[in-house]
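One structure is given here, and the rest of the page talks about it.
For this chain, numbers begin at 1 and follow the sequence in order. This one's a predicted model, so the numbers in the text were calculated from it and none came from an experiment.
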Amino acid sequence: MPFLTEAEPKRGVALDVLPGIRRIVARNPGVMTYHGTNTYLIAAEDGLTVLDPGPDDPTHVSDILEAAGDVPIRRILLSHTHRDHLGATAALKNATNAATYGFHRPATPLFTPDHGLKESDELAGLTALHTPGHASDHLAFAYTVAGAGDILFSADHVMSWSSSIVNPPDGDMKAYYNSLLRLLDRHETVYLPGHGPLLPEPRALVAEMLAHRRRREAAILEALRARPSTIAEIAARLYAKQNPMLKIAAERNVLAHLLKLRTEGIAIDHGDVWAPA
C-alpha cells in the first residue's frame with residue numbers, strides 16, 4: 001500500500017500542520033505507534049481544543065502546556081480510549097480544568113468524559129463521526145480549515161504510515177469494513193491521523209486498505225479450505241512478521257477476520273481449530 005514516511009519530528013515542540021492546527025508528537029515511538037502519538041492543538045475563538053492528549057508522560061503534558069502558552073485550553077477531546085491517546089488526559093485536565101469530550105459509551109471504565117459525544121455532535125467547529133472497528137468508541141472529526149477546505153482528523157482508523165490493528169473483542173472487523181466504506185463516500189481531501197504525517201488524497205489509500213483487507217480475508221478462507229488450522233498457523237502462513245509484537249498483532253487481525261466470517265456463516269471454529277462452515 002502507498003504508505004507515507006517522514007523523518008523523526010522535532011520533540012517537545014508544536015509543529016504547524018495547517019492554518020490553526022499544530023501537532024506535538026509524543027515520545028512513545030514503537031512498532032505500533034511510529035514516531036509517537038499525534039496530539040493536535042486546534043485554535044478556536046475561545047482558546048484551544050486539544051485532540052488526543054497522548055500517553056501518560058509528564059514531559060508530554062508539559063510540552064502541551066508550553067505550546068499553549070497564554071492561550072487557554074478549553075476542551076480536551078479523545079478520538080478513542082486506547083492508552084497511547086488517553087493516558088495524559090487526567091493530568092492535562094488537572095492542569096487546565098478543561099472539560100473532556102469522548103464517545104458517550106467509552107470502551108474502558110478508566111475514562112468517563114465530562115461530555116459524551118454521539119454521531120454528528122459538534123463542538124468548536126468539529127463534527128463527530130463514529131468510526132468503530134479499530135476500537136468500538138472510535139471517533140473521527142470533520143473540520144473545515146480556512147484556505148485548505150474540508151479535512152478529517154482520522155485518528156487510528158486511517159493512518160498515513162500503516163494499516164490499523166483490529167483487535168477483538170473491542171476491535172471488530174465487520175465494523176472496520178463498514179467504517180472504511182463510509183469514508184469512501186465522504187469528500188474530505190486531507191486526513192490528519194493519530195500517528196504519522198498528514199495524508200493528502202486520502203480516498204485512494206482508504207480504497208486500497210479496504211481492498212487489502214478483502215484480499216487478506218480471501219487468503220484466510222483459502223488457507224482454511226486447504227486444511228483446518230489454528231489462528232497461529234494461519235498467521236504464520238500469511239504474514240512474514242519477525243517482531244514478536246507484530247506477530248501478535250497479525251494473529252489478532254486473523255482472529256478479527258475469522259470472527260467476521262463466523263458471523264457471516266462462512267467459517268466455524270472447533271475449539272482452537274477453524275474450518276470452512
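In this structure, the side chain of Asn94 engages the main chain of Ala90 through a donor-acceptor pair within 3.5 Å. Under a 3.5 Å cut-off, the side chain of Asp52 and the backbone N or O of Leu86 do not form any donor-acceptor pair. Looking at Ser179, its side chain never comes within 3.5 Å of a backbone N or O of Gly133 through a donor-acceptor pair. Judged purely by atom type and a 3.5 angstrom limit, Asp57 uses its side chain to pair as donor or acceptor with the backbone of Thr59. Although no hydrogens or angles enter the test, the distance criterion places a donor-acceptor pair under 3.5 Å between the side chain of Thr100 and the main chain of Asp114. The backbone N or O of Gly47 lies less than 3.5 Å from no partner atom in the side chain of Arg74, so there is not a single donor-acceptor pair. For Ser136 (side chain) and Pro132 (main-chain N/O), no donor-acceptor pair under 3.5 Å exists by modelled atom type. Looking at Thr230, its side chain does come within 3.5 Å of a backbone N or O of Glu233 through a donor-acceptor pair. Proximity of a side-chain donor or acceptor of Tyr177 to a complementary backbone N or O of Arg213 within less than 3.5 Å is detected. With Tyr239 contributing its side chain and Ala249 its backbone, the two residues share no donor-acceptor pair below 3.5 Å.
The distance from atom CG of Leu152 to atom NE2 of His187, rounded to the nearest 0.5 Å, is 9.5 Å. Between atom OH of residue Tyr40 and atom OG1 of residue Thr49 there is a gap of 14.5 Å, rounded to the nearest 0.5 Å. In this structure, CG in Asn253 is found 11.5 Å from CG in Leu238, a value given to the nearest 0.5 Å. Separating the CG atom in Leu224 from the CD1 atom in Ile234 is a distance of 4.5 Å, to the nearest 0.5 Å. How far CG of Leu183 is from CG of Leu129: 7.5 Å, rounded to the nearest 0.5 Å. To the nearest 0.5 Å, atoms NE2 (His104) and CG (Asp121) are separated by 8.5 Å.
Under the 3.5 Å distance criterion, with hydrogens and angles disregarded, a donor-acceptor pair is assigned to the side chains of Arg237 and Ser229. In this structure, a donor-acceptor pair under 3.5 Å is present between the side chains of His195 and Asp84. No hydrogens or angles considered: nothing links the side chains of Thr33 and Asn28 as a donor-acceptor pair under 3.5 Å. In this model, no donor atom of one side chain and acceptor atom of the other lie less than 3.5 Å apart for Asp156 and Ser164. Ser163 and His212 share no donor-acceptor pair across their side chains, judged by distance under 3.5 Å alone. Between the side chains of His138 and Thr131, at least one donor N or O sits under 3.5 Å from an acceptor N or O. In this model, a donor atom of one side chain and an acceptor atom of the other lie less than 3.5 Å apart for His82 and His134. There is a side-chain donor-acceptor pair under 3.5 Å between Thr81 and Asp137.
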Between Thr127 and Tyr143, is the side chain to side chain contact (heavy atoms under 4.5 Å, CB included) condition met? List the steps. CA-CA 7 Å; Thr127 301; Tyr143 190 65; over 6 Å; no
Could you walk me through whether Asp46 and Arg75 pass the salt bridge (Lys or Arg N to Asp or Glu O under 4.0 Å) test, one step at a time? CA-CA 10 Å; Asp46 61 345; Arg75 289 160 293 276; 2.8 Å; yes
Steps toward side chain to side chain contact (heavy atoms under 4.5 Å, CB included) verdict (Leu184, Leu210): CA-CA 10 Å; Leu184 281 176; Leu210 185 59; 4.1 Å; yes
Run the ring-ring contact (aromatic ring centres under 6.0 Å, His included) check on Phe103 and His130 step by step: do they pass? CA-CA 8 Å; Phe103 191 60; His130 186 211; 4.2 Å; yes
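When all heavy atoms of Leu41 and Ala68 are compared, the closest pair comes out as CD2-N, 4.2 Å.
Using a 4.5 Å cut-off on side-chain heavy atoms (C-beta onward), Pro53 and Leu78 make contact. Within the 4.5 Å cutoff, the side chain of Thr39 has heavy atoms near those of the Val50 side chain. Counting heavy atoms from C-beta outward, Pro55 and His60 have side chains that approach closer than 4.5 Å. Here the side chains of Pro106 and Pro113 are in contact, with some heavy-atom distance below 4.5 Å.
Just one residue in the list Leu205, Leu198, Val158 forms a side chain to side chain contact (heavy atoms under 4.5 Å, CB included) with Tyr191, and that residue is Val158.
There is no path of hydrophobic side-chain contacts, each under 4.5 Å, that joins Leu199 to Val17. Tracing side-chain contacts under 4.5 Å through hydrophobic residues (I, L, V, M, F, W, Y), one reaches Val254 starting from Leu259; they form part of the same cluster. Hydrophobic cluster membership differs between Ile248 and Met32, with clusters built from Ile, Leu, Val, Met, Phe, Trp and Tyr side chains linked at under 4.5 angstrom. Put simply, Leu123 and Ile76 are part of two different groups of oily side chains (I, L, V, M, F, W, Y) that touch within less than 4.5 Å, one to the next. Note: the hydrophobic cluster containing Leu192 does not contain Leu4 (ILVMFWY, side chain heavy atoms under 4.5 Å, direct or indirect links).
Around CZ of Arg83, the count of heavy atoms belonging to other residues, nucleotides or ligands within 6.0 Å does not exceed 12.
Residue pairs meeting the salt bridge (Lys or Arg N to Asp or Glu O under 4.0 Å) criterion with at least one member in residues 253-274, sequence neighbours excluded, are Lys174-Glu264, Glu217-Lys260, Lys260-Glu264, Arg262-Asp269. Within the structure, the salt bridge (Lys or Arg N to Asp or Glu O under 4.0 Å) test picks out the following pairs touching residues 20-42 (sequence neighbours left out): Glu6-Arg23, Arg27-Asp63.
For Glu119 and Arg182, the salt-bridge test passes: some basic side-chain N is under 4.0 Å from an acidic carboxylate O. Look at Arg215 and Glu222 and you find no salt bridge, because none of the NZ, NE, NH1 or NH2 atoms lies under 4.0 Å from a carboxylate O.
Annotation: Trp161 is not in aromatic contact with Phe3 [ring centroid separation under 6.0 Å not met].
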